[in-house]
Amino acid sequence: MKFTLSHQDNKSKARAGVVKTDHGEIQTPIFMPVGTAGSVKAVHQRELLYDVKAEIILGNTYHLYLRPGLDILEKAGGLHKFNGWSKPILTDSGGYQVFSLAGTRKIKEDGVMFKSHIDGSKHHFTPENVMDIQRTIGADIIMAFDECTPYPCEYGYARNSMEMTHRWLKRCIDRFDSTESKYGYSQTLFPIVQGSVYKDLRKQSAEFIASTNQEGNAIGGLSVGEPAEMMYEMTELVTDILPTDKPRYLMGVGTPANILECIALGVDMFDCVMPTRNARNGMLFTSEGIINIRNEKWKDDFSAIDPAIGGHVSTFYSKAYLRHLVISKEILAAQIASIHNLSFYLWLVKEAREHILAGDFAVWKDQMVKKVSTRL
Ligand code: GUN
């Protein structure tokens, strides 16, 4: 993997760059649609490519390891061959999913024992086997095994958790460096900054993560219930420390406004379930603001969902028709709403990139944050 910084904004910390992988290039800042179990819910791979214009998608180690399992993924020749997505893929390590199984998991220095949410069977994740699993899944970018610190969290817990994440990272790097990709293309490991909402811990974690000198870095443990201002403060503190010549990935963030604010703080990569999950509940993100399509007011609004962003689905179908599909519980509702929301997120980061390159990002961002946060 190679990252080239194309332009640095001079009124904010925003950057435009290019990440080169063996499965193609990613223009940053970028949003990565979440495909937990090897599929972005309700969206075909062809639609992801041609309508949404996704450049990279996410998969999840926890889910893919449990189902379909490593035998099948290896027999298929890796996740790209299995699901037919030939552009870059990033897998999260399972750190986040395993820890959200409160009550059915035990954390120890060696790793985490957990019970499958599918059949209750017992499994053990360690930094070493999570590297091996991600080698078998075959994503281009793989994530270190970490503990996503819950919020709120006492200082002592946050410090111990961060220190364990750092010890686990050393084990991840040792295993990653002593193993090879299974399918003939290269893989890159991203370490993850933790430290909850404590400035000294975040600083310590960012310095440690930077010192491991990996090809990209991630910021975890945010957007877990803390106020947005706190998330921005922690993000800025960390991006000020992480190296400028490597991509920075803010995990699990966020709303369109969160993404714009964090681009301004120097973040290059984002992922979040919000565009797809909220689509399935009838919430649409548009260039004019947020729509609850179930609302009566849209029942005879025959205007396109969002003509400004282009793309077949957003310009072809009307709000009234989509509302009818949602109210009637038609499967097509989830498809149209998901494709639209993802198209909007990809449009937003592309616009951000163009404004960074044009030199007027900061002014555009402030106007856009207001627009995209409006409830229509
Ligand atoms: N997704 C959102 N936040 C996190 C995090 O802190 N760690 C991991 N592994 N995944 C995440």
Side-chain angles (χ1 to χ4, degrees), residues 30-37 56-65 89-102 105 107 111-112 114 125-127 129-131 133-134 137 139 141-153 157-169 171-173 176 188-198 201-202 205-206 208-209 212 214 216-226 228 230-232 234-235 237-239 242 247-255 258-259 262 267-277:
I30 191 68
F31 178 79
M32 306 181 279
V34 177
T36 302
I56 171 171
I57 61 171
L58 229 86
N60 250 302
T61 299
Y62 168 84
H63 293 85
L64 292 165
Y65 158 83
I89 299 178
L90 179 152
T91 40
D92 195 359
S93 57
Y96 186 75
Q97 283 71 32
V98 167
F99 289 103
S100 61
L101 299 169
R105 45 111 177 118
I107 312 167
V112 183
F114 63 94
F125 271 180
T126 64
N129 75 9
V130 164
M131 292 299 100
I133 295 167
Q134 291 185 97
I137 297 171
I141 300 174
I142 72 172
M143 302 305 298
F145 191 53
D146 62 328
E147 180 181 13
C148 176
T149 320
Y151 178 84
C153 175
Y157 186 99
R159 189 190 54 218
N160 291 339
S161 164
M162 177 199 76
E163 287 170 353
M164 187 178 69
T165 287
H166 292 175
R167 289 191 297 275
W168 282 2
L169 174 58
R171 290 167 54 190
C172 285
I173 293 173
F176 181 74
T188 301
L189 171 66
F190 279 23
I192 306 172
V193 174
Q194 293 290 343
S196 186
V197 294
Y198 301 104
L201 297 184
R202 282 280 168 190
S205 188
F208 178 78
I209 274 19
T212 66
Q214 299 302 301
N217 298 295
I219 309 168
L222 292 176
S223 209
V224 286
E226 77 285 5
M230 213 172 239
M231 190 252 283
Y232 298 146
M234 295 299 130
T235 299
L237 189 159
V238 171
T239 55
L242 292 178
R248 302 161 179 158
Y249 163 29
L250 179 55
M251 308 187 80
V253 174
T255 64
N258 292 157
I259 288 177
C262 292
V267 174
D268 309 298
M269 301 164 70
F270 299 88
D271 80 284
C272 190
V273 294
M274 198 176 269
T276 38
R277 181 175 293 166

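All values derive from a computational prediction rather than experimental measurement. One-based numbering, in listed order, for ligands and for the atoms of each.
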Considering Asp146, Val253, Val98, Ile192 one by one, which has a heavy atom nearer to atom 5 (C) of ligand 1 than any of the others?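 When every heavy atom of Asp146, Val253, Val98, Ile192 is considered, Asp146 comes closest to atom 5 (C) of ligand 1.
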Which one of Met143, Met251, Gln194 has a non-hydrogen atom at the shortest distance from atom 2 (C) of ligand 1? Met251
From the options Thr91, Ile141, Asn129, select the one residue that forms a side-chain contact (heavy atoms from CB on, under 4.5 Å) with Gln134.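 Going through the options one by one, the only one that passes is Thr91.
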Applying a heavy-atom cut-off of 4.0 Å, say which part of Cys148 lies close to ligand 1: side chain, backbone, both or neither. both
Do me a favour and list the nearest non-hydrogen protein atom to atom 4 (C) of ligand 1 with residue, atom name and distance? Tyr96 CD1, 3.6 Å
Could you check atom 10 (N) of ligand 1 against the protein and tell me its nearest heavy-atom contact, residue, atom and distance included? Asp92 OD2, 2.6 Å
Please indicate whether any nitrogen or oxygen in Gly221 is less than 3.5 Å from any nitrogen or oxygen in ligand 1. yes
Distance-only side-chain donor-acceptor flag, Asn258 / Tyr232, under 3.5 Å: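 Note: Asn258 and Tyr232 side chains meet the donor-acceptor criterion.
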Looking only at side chains, do Ser161 and Glu147 share a donor and an acceptor under 3.5 Å apart?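 Yes, a side-chain donor-acceptor pair sits under 3.5 Å.
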What atoms in ligand 1 come closer than 4.0 Å to a heavy atom of Ser93?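 Close to Ser93: 9 (N).
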Which of the numbered atoms in ligand 1 are under 4.0 angstrom from any heavy atom belonging to Gly220?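 Contacts of ligand 1 toward Gly220, numbered from 1: 5 (C), 6 (O).
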I want to check something: taking the side chain as every heavy atom from C-beta on, are Thr165 and Ile192 in contact at a cut-off of under 4.5 Å?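 Counting from C-beta outward, Thr165 and Ile192 never come under 4.5 Å.
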Can you name the nearest heavy-atom pair linking Gly221 to Cys148, along with the distance? CA-SG, 3.8 Å
Any idea how Tyr62 and Phe114 line up, ring-wise: parallel (<30°), tilted (30 to 60°), or perpendicular (>60°)? tilted
